[in-house]
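Convention: sequence-line order gives letters A, B, ...; per-chain numbering from 1.
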There are 4 protein chains.
Amino acid sequence: MGCWTMEKQVHGKKEAIIGAALKLFTERGFYGTSTAQISREAGVATGTLFNYFSTKEDLINDLYYEVKGNLSQSLREGLGDESSFQAKIKRMWSNLIDWGVSNPQEFLFTEHFCSSPYISKLTRDEVLKEYTFFRDVVREGMEEGQMKEFPQDLIMSILFDSGKTVVRLILNSPGTQDKEQLIENSFQLIWGGLAKE
Amino acid sequence: MGCWTMEKQVHGKKEAIIGAALKLFTERGFYGTSTAQISREAGVATGTLFNYFSTKEDLINDLYYEVKGNLSQSLREGLGDESSFQAKIKRMWSNLIDWGVSNPQEFLFTEHFCSSPYISKLTRDEVLKEYTFFRDVVREGMEEGQMKEFPQDLIMSILFDSGKTVVRLILNSPGTQDKEQLIENSFQLIWGGLAKE
Amino acid sequence: MGCWTMEKQVHGKKEAIIGAALKLFTERGFYGTSTAQISREAGVATGTLFNYFSTKEDLINDLYYEVKGNLSQSLREGLGDESSFQAKIKRMWSNLIDWGVSNPQEFLFTEHFCSSPYISKLTRDEVLKEYTFFRDVVREGMEEGQMKEFPQDLIMSILFDSGKTVVRLILNSPGTQDKEQLIENSFQLIWGGLAKE
Amino acid sequence: MGCWTMEKQVHGKKEAIIGAALKLFTERGFYGTSTAQISREAGVATGTLFNYFSTKEDLINDLYYEVKGNLSQSLREGLGDESSFQAKIKRMWSNLIDWGVSNPQEFLFTEHFCSSPYISKLTRDEVLKEYTFFRDVVREGMEEGQMKEFPQDLIMSILFDSGKTVVRLILNSPGTQDKEQLIENSFQLIWGGLAKE
DNA sequence: GATGAATGAGATTTCATTCAT
DNA sequence: TATGAATGAAATCTCATTCAT
């Protein structure tokens, strides 16, 4: 039982707790999930949770930060390979939908807790920093005159929220939808309203 | 002290409770709000709440039904006066945004609790019946060939969710936005992607 | 609606409340029965109960007094017609069992509440006065040397409790017992141990 | 601070709760006793009670099972040493009375809750299994023709209930009765009616 | 006297958090 | 660091009782 094992053990516990929290918070909500349930699901003692997170709110804030960072990473995947504005938007569009469909628990978690009182302003601000790249891409497109003249906030919100709408649509009608086709359709719908010409 | 006064008194209490619940549930969530807080905010005794609603869950279900019915009514306002498909959609679009901006508490309440486990399937089904008119309008438009060929669910979801996006945008940046202009802009954005041609 | 009707109405209500209380207290116990339930069962308003009984405890004490008085009356029925000591005891024995079997609700009520904290010492003492005749009969028998020499308390308790045992036996095995035969048997059993010779 | 101490500590709390519950349930009844009172009397926190018993009803069922098991044990004490039928009955008779007088709280508890709705059918059935020995002894005596011909149920009920009557008599007149003499007397009374000849 | 809405104290139970081991 | 028994504040809901009509 060397140092390596111990450290792994430790990391394993924290991760197990985060994983359990993600699952249970998503399924039953914040107040619907007790720290005892999280501990049990994670396979640790009730006290152990508080060695890693000083309060239950701390835990959900950490989780929120992690999941949102995760999404931010996924959104940027392959973004550097795209050159045209449309291609960049399209790439983020698919990335968002792919992420949501592949990580339904994470997706639903962000849905449930994006406007929750348990997530602190601090966490929210910290998270926002990870999304400046999105603002940059859109601003660039506006400056290049690639889009009709809409307020930037409107564009960003519509893009993000509509993408989430599509994810929800897919998750709610499992199996019955052709995902790729839907991504294509929905992108055309939004892009059609956005693009100049 | 007549009959009229009595009835008013009675209605006053129930309405006060509903109003307090709307405010507090929206601000702090379901579990974050105690029935004692609701009673205090409503200016009644703790027991009085349970004379009108046998359970806390009963209360939120009633509230949900009322608020959603309210929205449904507002969406239909003046709808009969419109003849063209575009005008109908536009009318509902403005109605939705007007309602959300004029009733921010109700709007945020629906946002928080639209996919909540506290709202029963029964309530949800009951509410859905009030929205068939929306489905009918959209279907009609599709059959008349007024829109590009997208799945009906996609159209409905994008319309509704994008409208809500705009409301959120206005509520989050108070004073700084020209509401009418934003309604116009946003409608063009969505309609531009939707309409044939 | 003359005076007679009104008075009858009033008496009817009090009796209805007593009747409902007897039924419900016996079935569900004192704390298991709310005054609201009693009122509903009696067909009166919740407030009406408190026009007749100032507290719930008052009600059960009244009820106790009434039921025990009732039993006392029944025990004495035909007692004056008997001359021998054995006949007197036998008469009370049958009276007790008949009463219990014919009034199971009253019988079970006395069983449940004979040693209850809700019945006040005052009530209990008041009730005891109705049973001096029993003590007198037994004392007389002792003085006449009709029984073996046992303490009077023991005799009285055994007589009364064994009678109740028989009632319970009959009530618990409905239909399967020959009541008259059982009364005869049980009396022989007790009298056999009691009588001199 | 060793293992022994820990175990004792743990057992101590559970036992303290059981003891407090026995005392208070007996004195004030089930609904008349709050779990908070039990906890206070036991010297533990309100939550601790629910670490050991998931419900107040659970607690009283456990208690019932324990007390009745206890009595069953006591009834059988020395029973194997007796050979004649009369001696066996006499032995159980004294055992019952001794137990009741030495454990008045337990005795009164069984009196109050023997026909209580809080005790589940399951518990009751479980308890009954502990009393088959009594039925066996009586049946044996009947088959050997040691008693007059009475129904077995009558015999068993009279025996058990009359024993309890004697306990009550002793408990209600503290100090004034000669216990051993009373046991002797009362046994003669019952046995005199029961025995053949 | 009859009514029943209103009251608020009190009951059971949960659960985040602590701390001795 | 890990554990889990112990804690006690807080939550939902009940119900005896009051009182204006």
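- Atom C1' of nucleotide E:dG4 and atom NZ of B:K13 are separated by 14 Å, given to the nearest angstrom.
- C:S115 pairs by the side chain to side chain contact (heavy atoms under 4.5 Å, CB included) definition with D:H112, not counting sequence neighbours.
- Within residues 28-45 of chain B, the residues having any heavy atom under 4.0 Å from DNA chain E are, by residue number, B:V44, B:A45.
- Distance D:I17 CD1 to E:dT13 C1': 14 Å, rounded to the nearest Å.
- Between E:dA2 and C:K14, no contact under 4.0 Å exists linking OP1 or OP2 to a side-chain N or O.
- Across the interface with DNA chain E, nearest-nucleotide mapping of A:S54 and C:G47 shows C:G47 to be the residue nearer the 5′ end.
- When rounded to the nearest whole Å, the span between CZ of D:F25 and P of E:dA11 equals 13 Å.
- In this structure, CG of D:L59 is placed 15 Å from C1' of E:dA11, rounded to the nearest angstrom.
- Here D:A36 pairs with D:S34, D:R40 under the side chain to side chain contact (heavy atoms under 4.5 Å, CB included) rule; sequence neighbours left out.
- Applying the salt bridge (charged side-chain N to carboxylate O under 4.0 Å, His left out) definition to pairs two or more places apart or across chains, those involving residues 22-33 of chain B are B:K23-B:E27, B:K23-B:E41.
- Within the 4.5 Å cutoff, side-chain heavy atoms of C:T35 are placed close to those of C:F50.
- Rounded to an integer number of Å, the gap from CD1 of D:I60 to P of E:dT12 is 12 Å.
- The salt bridge (charged side-chain N to carboxylate O under 4.0 Å, His left out) pairs that include a residue from residues 56-66 of chain D number zero, where partners must be two or more places apart or lie in different chains.
- The ring-ring contact (aromatic ring centres under 6.0 Å, His included) check on A:F25 picks up A:F30, with sequence neighbours excluded.
- In DNA chain F, runs of at least 3 consecutive Watson-Crick or G-U pairs, each pair with both distances below 3.5 Å, span E:2-21 with F:2-21.
- In the set F:dT17, E:dA2, E:dA6, the nucleotide with an atom closest to the side chain of B:N51 is E:dA6.
- For the side chain to side chain contact (heavy atoms under 4.5 Å, CB included) test, residues two or more places apart in sequence or in another chain that qualify with C:E106 are C:L22, C:V67, C:W99, C:N103.
- Of the residues near DNA chain F, D:L49 and C:F50, the one whose nearest nucleotide (by heavy atom distance) lies more toward the 5' end is D:L49.
- Rounded to an integer number of Å, the gap from CG of B:D58 to P of F:dT14 is 11 Å.
- Close to F:dA2, at under 4.0 Å from its OP1 or OP2, lies a side-chain N or O of A:Y52.
- Taking 3.5 Å as the limit, the base of E:dA9 and the side chain of B:T46 contain a donor-acceptor pair of atoms between them.
- Ring-plane geometry between C:Y118 and C:F113 is classed as tilted, the angle between the planes lying from 30 to 60 degrees on a 0 to 90 degree scale.
- The shortest distance between the side-chain N/O atoms of A:K56 and the OP1/OP2 oxygens of E:dT14 is not below 4.0 Å.
- Every pair tested for salt bridge (charged side-chain N to carboxylate O under 4.0 Å, His left out) that includes a residue from residues 43-53 of chain D fails, sequence neighbours excluded, so the list is empty.
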